[in-house]
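What follows is one structure encoded as structure tokens, with my remarks underneath.
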Amino acid sequence: MAHSDIHYFGIRHHGPGSSKRLLAALEQLQPQYILIEGPADCSDLLPLLAHQQMKPPVALLSYAVEHAQSSIFYPFAEYSPEYQASVWAKQQQIPSAFIDLPIAVRLAQMQAEQLTPNNNQSDGKSDDQSNNQENTPQLTALLRDPIGVLANIAGYQDAEAWWNDLIEQNRDDSLAIFEQVEHAMTALRQPVAQDSPELAHDHQREAFMRLEIAKIAKLCDGPIAVICGAWHVPALKAKHSAKDDRALIKALPKKLAASKHKSTWIPWTSARLATQTGYGAGVAAPMWYQHLWQHRQQDDRIAPWLVFIAQNLREQGAVISTASVIEAQRLCLSLAAVRDRPQPSFEEITDAVISCMCFGEHALWEQIHNTVLLGHQVGQIPDDTDLVPLLEDLQKRQKKYKLKPEALAREHSLDLRSDIGQNKSILLHQLQLLNVPWGELLDSGSSRGTFREKWRLTWQPEFAIKLVEHIVYGSTIEQAANNKVMASLAKEQNLAVLADSVLNCLTANLSQATEFGLTQLTLRAGQVSDCNDLLTSIAPLIDISRYGSARTLSLSQIDALIERLAIQAALALPYACRNLNDEEAQHVQQNINSAHRALVLHLGDTDILAKWWQAIEAIAHSDQSSYLLIGLCARLLYQNERLSREQLSTMLDKMLSPALPPAQAARFFDGFFTDSVDQLLYDSLLLNAINNWLLQLEETTFVEFLPLFRRVFSNLDAMERKRLFDTLFNNKAHAEIVQNIDTNQHTYWQQHMEKLAKLAQRNKDWLA
């Protein structure tokens with residue numbers, strides 16, 4: 001084939017202006033073959049871009065099977081020239097193919113670079129540049145976006161605006177326009193030394209593409225269209241011998257075997273189009289380019305964009321009148337005229353929006369900046385696309401449970417009593433265990449043990465590669481989660497972490513991992529001797545028991561383990577509270593609080609709980625215990641009527657007396673009233689004791705402990721503070737609330753609680 005039958009179209013990746021001109025040029029040329037810059041060994045996936053179910057943005061994902069972290073994304077938007085060219089080729093029934101370096105070579109390069117020390121190359125997310133520290137900023141910018149460099153030279157901040165002004169508005173035909181772009185790229189490449197190390201990778205890619213073009217030219221009789229980044233056109237058209245090109249690509253590493261790498265299409269998001277991936281392309285405002293593409297046939301593309309911005313501002317609560325929108329459009333035209341531009345660009349529009357619709361407040365623009373410019377669109381891929389097993393399983397469950405992946409954060413409230421709600425919850429919990437945080441569980445501390453969960457879902461494209469990395473654990477999400485958790489449980493020594501992990505397995509409905517975790521808990525429990533480890537493990541274990549009761553699971557071994565650990569903790573606790581510094585005492589205080597709340601709720605009036613109370617009493621009356629812990633245990637005893645008012649009065653006189661150093665008294669005060677300062681509103685004994693102690697403190701001492709007092713009293717709300725002041729200043733300190741307990745009602749309460757227990761276990765005879 002004659003060289004003149006090969007036509008080169010230098011485009012800007014993700015450029016709507018390039019796409020519009022390219023389609024016009026293809027209609028005029030009517031090529032017999034279309035060659036596109038992209039991995040040559042993924043050409044069989046190219047026709048899928050024209051599939052009816054394919055909705056951009058999407059990305060071509062390629063990864064090494066044994067090293068899934070070695071991966072590359074090639075994103076495509078609706079306005080990407082490569083996407084439009086492939087769709088046009090499919091519609092015209094014209095063959096198309098990728099011609100760039102194969103994925104097998106690219107991944108081999110990445111693995112070689114990862115094994116090379118002191119390597120400054122990128123992680124494979126950019127083809128058109130290397131992040132060598134010797135690169136000058138000008139050369140880096142040139143390699144990244146040569147059309148953007150031309151726009152900056154012309155005084156534009158937005159490359160698409162420059163392209164629209166000088167290319168779209170140009171009356172030359174589309175074929176001639178691409179010739180002009182070629183001349184501009186030739187001028188940009190001339191000052192760069194051909195032996196520059198920064199161009200070495202480009203030279204290899206261009207040599208491979210020249211060989212691929214020559215191979216197709218021998219098989220095709222008609223014109224061939226070559227679509228690539230504008231930067232490469234001069235090099236592809238230059239005369240090079242096939243021998244020299246083969247010598248260049250011989251320096252590339254040996255490509256991976258076909259069984260060692262895989263490629264497929266995955267959904268992408270509009271926001272991620274702003275990131276430079278694959279061929280190094282990225283656009284600052286994907287939604288603006290989407291707008292340009294959708295309104296490419298209209299003369300006025302500014303008004304719809306301003307209306308779109310006004311809607312977003314109104315959703316944020318801003319009052320935007322129609323007059324403000326009209327003024328913004330007028331200002332756009334005025335700014336373009338002042339700046340000597342044929343039409344307003346993105347730069348003028350943004351300035352006009354901030355001035356007329358945000359009233360000069362940049363903060364208001366920043367509130368909608370990401371939504372307006374980046375968007376929250378998520379692409380879709382055909383149902384019959386060959387996916388990685390984990391991705392395929394996720395897609396099936398998403399459709400089955402009607403959980404649509406969206407880039408915009410959206411809250412979902414799940415009712416776990418329904419099958420659909422429980423299945424959604426299980427999927428989201430399993431994904432979290434696989435380090436795929438598609439859903440963020442809101443109020444997670446209060447949701448366990450209840451029948452409701454509230455999630456905030458936000459899909460990110462990188463979740464796909466995280467799933468790919470877990471393919472070593474299994475081919476389904478449930479299987480992978482089971483195997484991954486069991487692998488971590490086998491190495492875990494901390495009893496509390498083990499208990500939390502088992503609870504997570506129960507929540508995620510991982511039966512294998514749950515059974516394995518319970519076995520590990522039993523083994524580790526016999527090896528625990530540290531009191532803090534015992535205390536921190538009790539609450540998670542009781543959560544497991546309560547969860548099992550709510551879900552009618554048989555977890556009898558957990559109850560036995562709880563009783564065993566509770567006895568161990570009760571025996572060790574009095575000795576563990578001796579001779580502690582402040583930091584250690586605060587740590588033990590938190591552990592005692594969590595363990596106490598759980599044990600009182602779970603054990604009820606049993607002999608084991610009695611042993612726990614004996615430990616609390618031993619701490620409260622020990623001279624060797626930390627005063628912080630003495631205060632905590634005294635409060636627990638007093639609240640549960642195990643310490644009489646007379647005994648408490650004697651203890652307060654001792655702990656808050658002038659004979660005791662103020663620092664020790666402050667520690668007792670901290671332990672007693674932290675999280676329970678509201679008792680001062682109802683108990684005159686406590687109020688009088690604290691009031692007298694605070695009044696007798698010297699000014700310097702009071703100021704020293706003022707942060708402590710503020711922290712403790714901050715737990716009172718405004719109404720409670722008012723009541724406390726009224727009691728103090730209106731001489732109502734001696735007023736008490738008298739409680740009369742009707743013991744005759746105990747039987748009825750017991751019957752009522754038994755009915756509630758049946759209801760929680762879903763017993764239909766609970767009213768009997």
Side-chain angles (χ1 to χ4, degrees), residues 12 14-21 77 79 141 145-171 177 181 184 270-271 273-274 281-316 318-375:
R12 180 174 185 251
H14 302 323
S18 293
S19 295
K20 181 180 178 181
R21 281 291 186 177
Y79 47 82
D145 187 5
I147 291 181
V149 171
L150 290 175
N152 290 332
I153 293 173
Y156 286 75
Q157 293 183 2
D158 178 26
E160 277 306 314
W162 173 83
W163 181 276
N164 289 332
D165 287 353
L166 298 185
I167 306 300
E168 293 294 332
Q169 303 301 320
N170 195 309
R171 295 188 178 182
I177 289 295
V181 173
S270 56
L273 290 170
V283 290
M287 295 306 294
W288 166 245
Y289 295 121
Q290 180 73 22
H291 173 82
L292 290 178
W293 175 253
Q294 292 176 344
H295 296 81
R296 61 189 180 278
Q297 305 299 340
Q298 299 180 12
D299 294 333
D300 184 9
R301 291 174 287 185
I302 300 175
W305 180 250
L306 293 177
V307 170
F308 171 66
I309 295 176
Q311 290 174 347
N312 280 270
L313 286 170
R314 288 165 183 158
E315 289 175 359
Q316 295 295 321
V319 179
I320 307 298
S321 66
T322 305
S324 297
V325 179
I326 295 173
E327 287 300 320
Q329 185 175 21
R330 290 175 177 173
L331 183 56
C332 290
L333 299 173
S334 299
L335 288 173
V338 170
R339 296 171 181 174
D340 196 22
R341 293 179 179 174
Q343 63 179 358
S345 67
F346 179 68
E347 181 182 352
E348 285 76 39
I349 295 174
T350 303
D351 291 342
V353 167
I354 294 174
S355 298
C356 298
M357 298 169 65
C358 298
F359 315 107
E361 294 290 341
H362 284 268
L364 188 57
W365 168 249
E366 292 296 327
Q367 290 181 8
I368 65 166
H369 179 271
N370 287 340
T371 302
V372 169
L373 300 185
L374 301 182

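The model shown is predicted, which means the values in this text are computed figures rather than measured ones. Side-chain atoms are counted along with the backbone in the values below, which use heavy atoms only and exclude waters and symmetry mates.
Remark: L292 CG to S19 OG distance equals 11.0 Å, nearest 0.5 Å. The NE2 atom of H295 sits 12.0 Å away from the CD1 atom of I302 when rounded to the nearest 0.5 Å. Here the CD1-SG distance, from I326 to C356, works out to 11.5 Å after rounding to the nearest 0.5 Å. Atom CG of residue L313 and atom CG of residue L364 lie 5.0 Å apart, to the nearest 0.5 angstrom.
In the displayed structure, D300 atom CG is contacted under 6.0 Å by more than 12 heavy atoms of other residues, nucleotides or ligands.
The shortest heavy-atom contact between W305 and I349 is CD1-CG2, 3.5 Å. K20 approaches R296 most closely through the heavy-atom pair NZ-O, 3.2 Å. Residue V325 comes nearest to M357 through the heavy atom pair CG2-CE, 4.2 Å, listed as atom of the first residue, atom of the second, then distance. A328 and A352 make their closest contact through O-CB, 3.4 Å (heavy atoms, listed as atom of the first residue, atom of the second, distance). Of all non-hydrogen atoms in S321 and R314, the two that sit nearest each other are C-NH2, 3.9 Å. S324 approaches F359 most closely through the heavy-atom pair OG-CE2, 4.3 Å.
In this structure, the side chains of P344 and L335 stay at 4.5 Å or more apart for every pair of heavy atoms. A heavy-atom distance below 4.5 Å is not found between the side chains of M287 and L373. The shortest distance between side-chain heavy atoms of V372 and F308 falls below 4.5 Å. In this structure, the side chains of P286 and Y79 come closer than 4.5 Å at one or more pairs of heavy atoms. In this structure, L273 and Y289 have side chains that are not in contact, with every pair of non-hydrogen atoms separated by 4.5 Å or more. Considering only heavy atoms from C-beta on, W365 comes within 4.5 Å of I309 through its side chain. Looking at heavy atoms from C-beta onward, H14 lies out of side-chain contact with Q290 at the 4.5 angstrom threshold.
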Derivation and outcome, side chain to side chain contact (heavy atoms under 4.5 Å, CB included), residues C358 and V353: CA-CA 6 Å; C358 298; V353 167; 4.2 Å; yes
E347 vs R341, side chain to side chain contact (heavy atoms under 4.5 Å, CB included): CA-CA, chis, key distance, verdict: CA-CA 11 Å; E347 181 182 352; R341 293 179 179 174; 3.2 Å; yes
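Under a 3.5 Å cut-off, the side chain of S355 and the backbone N or O of G360 do not form any donor-acceptor pair.
Aromatic ring centres of H291 and W288: separated by under 6.0 Å.
N312 meets the side-chain hydrogen bond (donor to acceptor under 3.5 Å, both in side chains) test with no other residue; sequence neighbours excluded. In this structure R330 satisfies the salt bridge (charged side-chain N to carboxylate O under 4.0 Å, His left out) test together with E327, sequence neighbours excluded.
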